[in-house]
Amino acid sequence: HGIPPGRAGPEDHGELHGVRQAPTAGRRKGPARAAVELCALCAGEGGEGHTLTDQLPPAPLVPPEVDLRDFAFMPLDVQRLRDSDLASDETPEACWAAVLLWCASWHQVPAASIPDSDQWQAKQCGYVSQGKVAPAWKRVKQGALRGWVACSDGRIYHPVVAEKARDAWRSKMEQRWRTEAARVKKHNQRHELAGADAVRMPEFDEWMSLGCPQGQALHVPRDKPPMS
């Protein structure tokens, strides 16, 4: 339809068909419901129609809790970068700005994302002086932002950095899980708990699904009453 991705709403879509969606009385319909109903206009006579879901921004590429600010090093796939379209098609200045944005995103929360702000991006790349964006930023911006994806949380993500961030986060969580598992094991040994009496440590994926619990007080069974 020629509507830019992430910018289409039910009202825009109706105007594209030459109609305006009438307001409904009572409870307001959510955007997704309205989009589905409105897109029946696209079906025509016996056509299949479509919804606006393909026009909406994708979900964030990294979970919101992913915080790698204590990771001083970011993995860099040397061959992947060397053979990339970025390296072959963009100017050296744009390539350097791109790498600086990757590095900046590594210590954002969520990792691998940056604000959708021209001022912020230019500052990370050294193109802001006395609070003003330098004209040279316009020459490198497109190359610097090559490959970034605008997501539904209002931030932009780099898919490759997101891939590395998810791997790093899993490694971080696995280390926390091993630490917690060792604590539970010591607790069971200290109190001579075994079988049904032992404190159970979930497997890693289950532990993740439970919200990564750590440090909670562990169950200690009461002393058995003395024999009469």
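Along the sequence shown, the residues carry numbers beginning at 1.
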query = Judged by atom type as modelled, is there a donor-acceptor pair below 3.5 Å linking the side chain of Asp153 to the main-chain atoms of Pro60?
reply = no

query = Can you name the nearest heavy-atom pair linking Ala87 to Cys95, along with the distance?
reply = CA-SG, 4.0 Å

ask   = For the atom pair CE (Met74) and CG (Leu76), what is the distance rounded to the nearest 0.5 Å?
value = 6.0 Å

Non-hydrogen side-chain atoms of Ser105 and Ser113 separated by less than 4.5 Å = no

message = Taking the basic N atoms (NZ, or NE/NH1/NH2) and the acidic carboxylate oxygens, is any pair closer than 4.0 Å for Glu180 and Arg176?
response = no

For the student: nearest non-hydrogen atoms of Ala111 and Val62, plus distance = O-CG2, 3.5 Å

query = Measuring from Asp205:CG to Arg170:CZ, what's the distance to the nearest 0.5 Å?
reply = 5.0 Å

ask   = Going through the checks in order, is the side chain to side chain contact (heavy atoms under 4.5 Å, CB included) test met by Phe73 and Leu68?
value = CA-CA 10 Å; Phe73 300 97; Leu68 300 178; over 6 Å; no

remark   = CD (Gln142) and OG1 (Thr91) are apart, to the nearest 0.5 Å, by 11.0 Å

key: Donor + acceptor pair across side chains of Arg69, Gln108 (<3.5 Å)   = no

ask   = Does the side chain of Val160 come within less than 4.5 Å of Asp77's, by heavy atoms?
value = no

task = Give the minimum heavy-atom separation between Ala165 and Val66, together with the two atoms involved.
result = O-CG1, 4.3 Å

ask   = Would you say the side chain of Val140 lies within less than 4.5 Å of the side chain of Trp96, judging by non-hydrogen atoms?
value = no

task = Report yes if the side chains of Lys141 and Asp118 come closer than 4.5 Å at any heavy-atom pair, otherwise no.
result = yes

Side-chain donor/acceptor pairs under 3.5 Å, residues 121-135, sequence neighbours excluded:
| residue | atom | partner | partner atom | Å |
| --- | --- | --- | --- | --- |
| Gln121 | NE2 | Pro115 | O | 3.0 |

ask   = Can you find a heavy atom in the side chain of Leu101 that is under 4.5 Å from one in the side chain of Leu145?
value = yes

message = Using side-chain heavy atoms (C-beta onward) and a distance below 4.5 Å, is Leu61 in contact with Pro159?
response = yes

ask   = Listed by chain and number, what are the side-chain contact (heavy atoms from CB on, under 4.5 Å) partners of Ser171, not counting sequence neighbours?
value = none

inquiry  = Could you tell me if the side chain of Pro110 sits less than 4.5 Å from the side chain of Tyr157, heavy atoms only?
reply    = yes

Shortest non-hydrogen contact from Val149 toward Pro58 = CG1-CG, 3.8 Å

task = Take atom CZ of Arg146 as the centre, draw a 6.0 Å sphere, and report whether it contains more than 12 heavy atoms from other residues, nucleotides or ligands.
result = yes

remark   = Note: Leu86 and Ala98 closest approach over all heavy atoms is CD2-CB, 3.9 Å

task = Could you grab the distance from atom CZ of Arg200 to atom CG of Leu193, nearest 0.5 Å is fine?
result = 15.5 Å

query = From Ile114 CD1 over to Trp106 CH2, what is the distance, rounded to the nearest 0.5 angstrom?
reply = 15.0 Å

remark   = Smallest heavy-atom separation, Gly147 atom then His158 atom, equals C-CD2, 4.3 Å

message = Same cluster or not: Trp120 versus Trp148, using hydrophobic residues (I, L, V, M, F, W, Y) connected whenever any side-chain heavy atoms lie under 4.5 Å apart?
response = yes

request  = Return yes if a side-chain donor-acceptor contact under 3.5 Å exists between Trp169 and Asp67, otherwise no.
outcome  = no

request  = Please lay out, stage by stage, how Lys172 and Asp167 fare under the test salt bridge (Lys or Arg N to Asp or Glu O under 4.0 Å).
outcome  = CA-CA 9 Å; Lys172 182 176 183 177; Asp167 290 344; over 6 Å; no

